[in-house]
Amino acid sequence: GAGVSQSPRYKVAKRGQDVALRCDPISGHVSLFWYQQALGQGPEFLTYFQNEAQLDKSGLPSDRFFAERPEGSVSTLKIQRTQQEDSAVYLCASSATSGRNTGELFFGEGSRLTVL
Amino acid sequence: AQKITQTQPGMFVQEKEAVTLDCTYDTSDPSYGLFWYKQPSSGEMIFLIYQGSYDQQNATEGRYSLNFQKARKSANLVISASQLGDSAMYFCAMRGWYNQGGKLIFGQGTELSVKP
């Protein structure tokens with residue numbers, strides 16, 4: 001499809017396991033964002049890429065969270081040694097432009113992570 | 001710091017009636033944009049409407065309009081002629097002039113239920 005694609009849609013992990021969440025943005029989109037959405041809450045910013053450069057990672061909650069976008073297209077969010085408080089929906093969004101004039105963000109359907 | 005506040009956790013509206021979802025914001029940025037997104041149970045964030053802080057007129061998009069009152073720092077969403085398919089979570093979001101890459105800051109959301 002032409003939209004933002006995320007996989008897996010659902011992931012159950014045991015506490016302490018590592019997980020990797022994938023985001024395939026709209027082709028040609030420069031900007032890519034990751035958000036974390038806890039149950040009943042609004043999305044919280046995690047990190048931002050402009051092409052392959054990670055320009056803002058101020059929202060990553062701990063050093064267990066790591067994101068990459070090596071070729072400026074697909075991005076992976078990795079969570080090491082998962083904990084129960086990591087249970088959330090992880091949303092990826094992309095945009096055709098960057099900077100202050102960034103237009104609309106297009107979101108994927110999210111990856112729902114449950115840590116047991 | 002930027003902050004978005006949505007004070008209505010849940011709202012009910014009768015089908016075909018209009019409903020207003022409240023949003024107030026706080027920012028010291030000289031210029032900013034305000035967004036409303038809809039999130040149905042499928043999880044995807046759907047863009048509804050955008051208002052720039054220097055736009056002279058309130059934004060409208062079909063049945064959606066944004067009641068922008070800059071002095072009061074409010075950006076309420078008005079949905080006219082509600083439909084059953086409007087039942088969803090609604091999020092107000094802001095992009096400040098200094099936001100790296102144009103990241104959005106979201107409110108806590110309002111759950112709208114449309115009654116037949």
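Values in this document were obtained by computation on a predicted structure and should not be read as measured data. Below, read A as the first sequence line, B as the second, and so on, with proteins coming before strands; counting in each chain starts at 1.
For Arg112(A), no part lies under 4.5 angstrom from a heavy atom of chain B. Interface residue Gln39(B): only side-chain heavy atoms are found under 4.5 Å from chain A.
For the pair Gln37(A) and Phe91(B), the minimum side-chain heavy-atom distance is below 4.5 Å. The side-chain heavy atoms of Met45(B) and Val4(A), taken from C-beta on, include no pair separated by under 4.5 Å. Looking at heavy atoms from C-beta onward, Lys103(B) lies out of side-chain contact with Tyr48(A) at the 4.5 angstrom threshold.
Ring centroids of Phe106(B) and Tyr35(A) are separated by less than 6.0 Å, placing the two rings close together. Ring pair Tyr37(B)/Phe107(A): centre-to-centre distance below 6.0 Å.
Note on Trp34(A): it does not cluster hydrophobically with Leu39(A), by side-chain heavy-atom contacts below 4.5 Å among ILVMFWY residues. Side-chain heavy atoms closer than 4.5 Å link hydrophobic residues (I, L, V, M, F, W, Y) into clusters, and following such links, even through other members, never connects Tyr10(A) to Leu116(A). Under the 4.5 Å side-chain heavy-atom criterion for Ile, Leu, Val, Met, Phe, Trp and Tyr, Leu105(A) and Leu48(B) are members of distinct hydrophobic clusters. Linking Ile, Leu, Val, Met, Phe, Trp and Tyr whenever their side-chain heavy atoms come within less than 4.5 Å puts Val19(B) and Leu77(B) in one cluster. At a threshold of 4.5 Å between side-chain heavy atoms, the hydrophobic network of Ile, Leu, Val, Met, Phe, Trp and Tyr places Ile79(B) and Leu66(B) in one connected group.
With chain B as partner, the option from Gln6(A), Glu44(A), Gln41(A), Arg9(A) having the largest number of non-hydrogen pairs under 4.5 angstrom is Gln41(A). Per-residue counts of heavy-atom pairs under 4.5 Å with chain A were compared for Ala93(B), Pro9(B), Gly43(B); the largest is that of Gly43(B). Ranked by heavy-atom pairs shorter than 4.5 Å toward chain B, the options Gly108(A), Gly40(A), Gly42(A) are led by Gly42(A). Ranking Ile46(B), Ile4(B), Leu104(B) against chain A, the residue ahead of the rest is Leu104(B), based on heavy-atom pairs under 4.5 Å.
Within a 6.0 Å radius of NZ in Lys70(B), more than 12 heavy atoms belonging to other residues, nucleotides or ligands are found. Within a 6.0 Å sphere centred on CD of Gln57(B), other residues, nucleotides and ligands contribute 12 heavy atoms or fewer. The environment of Lys73(B) atom NZ is dense: over 12 non-hydrogen atoms of other residues, nucleotides or ligands sit within 6.0 angstrom.
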